[in-house]
Number of protein chains: 2
Amino acid sequence: MGNRTTLRSVAEAAGVSTATVSYAFNRPDRLSGEMRSRILAVARELGYPGPDAAARSLRTGRANAIGVIFTTELTYAFSDPYVLALLGGLAETLAHSRTSLVLIPFAPVIAGLSDVEVRESLDAVHRAVIDGAVADGLTDDHPAVRALSDRSLPLVRSSDTAAGRCVLIDDRQAGREIGRHLADLGHREVAVVVSSPREPGCPIPPAEEAALHPYSRHRLAGIREALPAGSRVPVVSGGRNADAAGRIAATAILAAPDRPTAIAADSDVLAATAVEVATAQGLRVGHELSITGFDDVPLAASTGLTTIRQPIHEKGRLMARMLLDPDNTPDRVTLPIELVARSSTGPVPSHRLHGGT
Amino acid sequence: MGNRTTLRSVAEAAGVSTATVSYAFNRPDRLSGEMRSRILAVARELGYPGPDAAARSLRTGRANAIGVIFTTELTYAFSDPYVLALLGGLAETLAHSRTSLVLIPFAPVIAGLSDVEVRESLDAVHRAVIDGAVADGLTDDHPAVRALSDRSLPLVRSSDTAAGRCVLIDDRQAGREIGRHLADLGHREVAVVVSSPREPGCPIPPAEEAALHPYSRHRLAGIREALPAGSRVPVVSGGRNADAAGRIAATAILAAPDRPTAIAADSDVLAATAVEVATAQGLRVGHELSITGFDDVPLAASTGLTTIRQPIHEKGRLMARMLLDPDNTPDRVTLPIELVARSSTGPVPSHRLHGGT
DNA sequence: TGCATCATGTTAAACGATTAACATGAGGAG
DNA sequence: CTCCTCATGTTAATCGTTTAACATGATGCA
């Protein structure tokens, strides 16, 4: 003893070839029932736990697992309702096909790291034994995404991509709907809060808008498009989407001398903290200040947020299916969105109405 | 081409041995800088994505990943605040050591399945390429747990276990604190809602109490111990801990002719739905009916639940550390708990006071 | 009887890497 | 000049399976 029991030791003990033992575990029909049960008996006796997972993966080229990477750091991920809904959707599809979900940690921010450091921070991405992966919110040129596609793993993304599979929403259209909703209510000054690696609360100059996440960029474009010409639409960093950062961003926006009449946030979480901050400052949200969110997670309903609903759960289910069964699923799907108007938006107060129009 | 590029193809292209290429990727210090960069250049040129994950796992015996299994079905897991807190704790520790988190799906209920079916439903558990695993809320004799320990994988459990590592709370003591709290308020009729595979709302006869989850059993024992002799403490199934099931259980309890004065639930989620149901029925929770939860997840605070606080996040962190660094961590830890009294409990209404005492 | 078919095992070649143990030549020390 | 050390590569064994292709004897069928 001391040595681990393997397929071979079982084969020797049973006086058969390793192939036979392998068949006993994997292809019952290739063996006589008698032989099979004899082998399983010997295996049990030796305490053989069944074929080794890593060896099997190597040999068959299948891991029965798919990976997930997202913008949020893994630690925060579990408190981000959007991510949770997505994971729930993924899990639902995966459970049916006995496939594990591998959450891969990595440093989302890689600005200013050396080549070696980047490679190191991507270690887990390289070592993950998976058959494919879902990348949410990361662009094609993100090192983690690149690492995965270099491994020539099937990949499904949630952002638009030249080549490869993706599940999208029309972010620009979403932006337009938000913009139109606000425009109809008379808003001409809308601060847009986007998630960004920059300090929360800090204004993002037009020159830097190109560096934003594509989805933020598209939503922003949509909002501007739908607002009347001459509207003021400053962009503010909401940090990395965490509560604390959102609070800072909201505070900064409200502290400005030319406070906007509306805030359009990139996520419901961000919007909800804005509501909180505004309320704490005595502002009546939906009256003195309008706020919109994005995603329509459960929090949005309980906060009374006007928001864009997207079928996140369905998105997850679909992404998983696209990985598991590429032949029977489309390469690219655009999911429907819908504006849900609630109490967090309302007409601009009369004293802030613009002269024109 | 057509064939995948491997360590070998890179070696051939570079005119060196495979060992050298391997060193180039794994042990920079064993090679001259010149040689190393030449190899990496060749690798890049061939589009070699680095050593194959499965092969590496097989050869080194390390997967850089740990598995997680819990009672909740994977799909529901992402809406269970307890699980989320635990996962958050795990992720926090893992992120620092570049270890992935593998969520393994399996059918939690295995009653009435044939041997083959059980083995099949455990497929993902067998195939997961991991270095160890966390099992939350499952007993030692659960097939999934057994499968993992048969694989002789390091295991950390959250329930008491004869041999092996675990992170616990003193469930019995927790039960006592709940019991004492309710007793002090005059309660003598306390329905206990436990998660169980049985139909939600159905009463669990004393004979079946032995089959409950150990933690439920211990809490129940604690509650009974702390209530005055002669108290009535019926046990009711809360199903599998989902919202809908909780609603049914609460409804059943409140519909009974001899409605209890208090409900002690096994989780905050269950308790919160009970609050909801009771409120909808016009009962003032904390007055006509007292309700206690368990865990003190965020939901508990916002619902005003009296509950037992346990450091779930810390539990997760600790479990991960115990797996990653077994030599510098204890085999068994008991975490502190604390009763948090909020508005969901209050004195028994006078018309329901018992004669004695 | 003769031949194709079938059920049941076996042989042996991968799968793609890691890593002791061993060469080899250069440089330093005495 | 000799011996030792050190840096840098190489050789070759091994990790534990899976599976195509091949044997072999029994069975079915004309």
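Proteins come first, then strands; the chains are lettered A, B, ... in the order of their sequence lines, and each starts at number 1. Since the structure is predicted, the reported quantities are computational estimates derived from the model, not experimental observations.
- In this structure a side-chain-to-backbone donor-acceptor pair under 3.5 Å is present from B:Arg36 to B:Ala24.
- Each of A:Tyr48 and B:Ser32 lies near DNA chain D, and the nucleotide nearest B:Ser32 is the one positioned closer to the 5' end.
- Each of B:Tyr23 and B:Leu58 has a nearest nucleotide on DNA chain C; the 5'-most of these lies closest to B:Leu58.
- Under a 3.5 Å cut-off, the side chain of B:Arg157 and the backbone N or O of B:Gly164 do not form any donor-acceptor pair.
- As judged by a 4.0 angstrom heavy-atom cut-off over every strand, A:Phe25 is placed among residues making no nucleic acid contact.
- A donor-acceptor pair under 3.5 Å is formed between the side chain of A:Ser57 and the backbone N or O of A:Arg62.
- Within 4.0 Å of B:Thr20, counting heavy atoms only, lies at least one base atom of the nucleic acid.
- In this structure, A:Arg56 reaches the D:dT18 phosphate: one of its side-chain N or O atoms is under 4.0 Å from OP1 or OP2.
- Counting any heavy atom pair closer than 4.0 Å across all strands shown, A:Ser17 reaches a base atom.
- Summarising the geometry, the separation between NE2 on B:His126 and P on D:dT18 is reported as 13 Å, rounded to the nearest angstrom.
- Mapping heavy-atom proximity under 4.0 Å, the span of DNA chain C touched by chain A runs 5' to 3' from C:dT8 to C:dG16.
- We find that CZ of B:Arg151 is positioned 13 Å from P of D:dG16, with the value rounded to whole Å.
- Rounded to whole Å, atom C1' of D:dT14 lies 19 Å from atom CZ of B:Arg62.
- Judged purely by atom type and a 3.5 angstrom limit, A:Thr99 uses its side chain to pair as donor or acceptor with the backbone of A:Ser97.
- Checked against A:Phe70 for a side chain to side chain contact (heavy atoms under 4.5 Å, CB included), the options A:Leu87, A:Ile104, A:Asp80 give a single hit: A:Leu87.
- Residues A:Phe106 and A:His142 place their aromatic rings such that the two centres sit under 6.0 Å apart.
- Residues A:Thr18 and A:Asp29 both approach DNA chain C. Their nearest nucleotides, taken by heavy-atom distance, put A:Asp29 toward the 5′ side.
- At a threshold of 4.0 angstrom between heavy atoms, the contacts of A:Leu31 are confined to the sugar-phosphate backbone, with no base atom among them.
- Between the side chain of A:Arg59 and the base of D:dT17, no donor-acceptor pair of N or O atoms lies under 3.5 Å.
- Between the side chain of A:Ser159 and the main chain of A:Gly137, no donor-acceptor pair closer than 3.5 Å is present.
- Looking at heavy-atom distances under 4.0 Å, A:Ser22 makes contact with a base.
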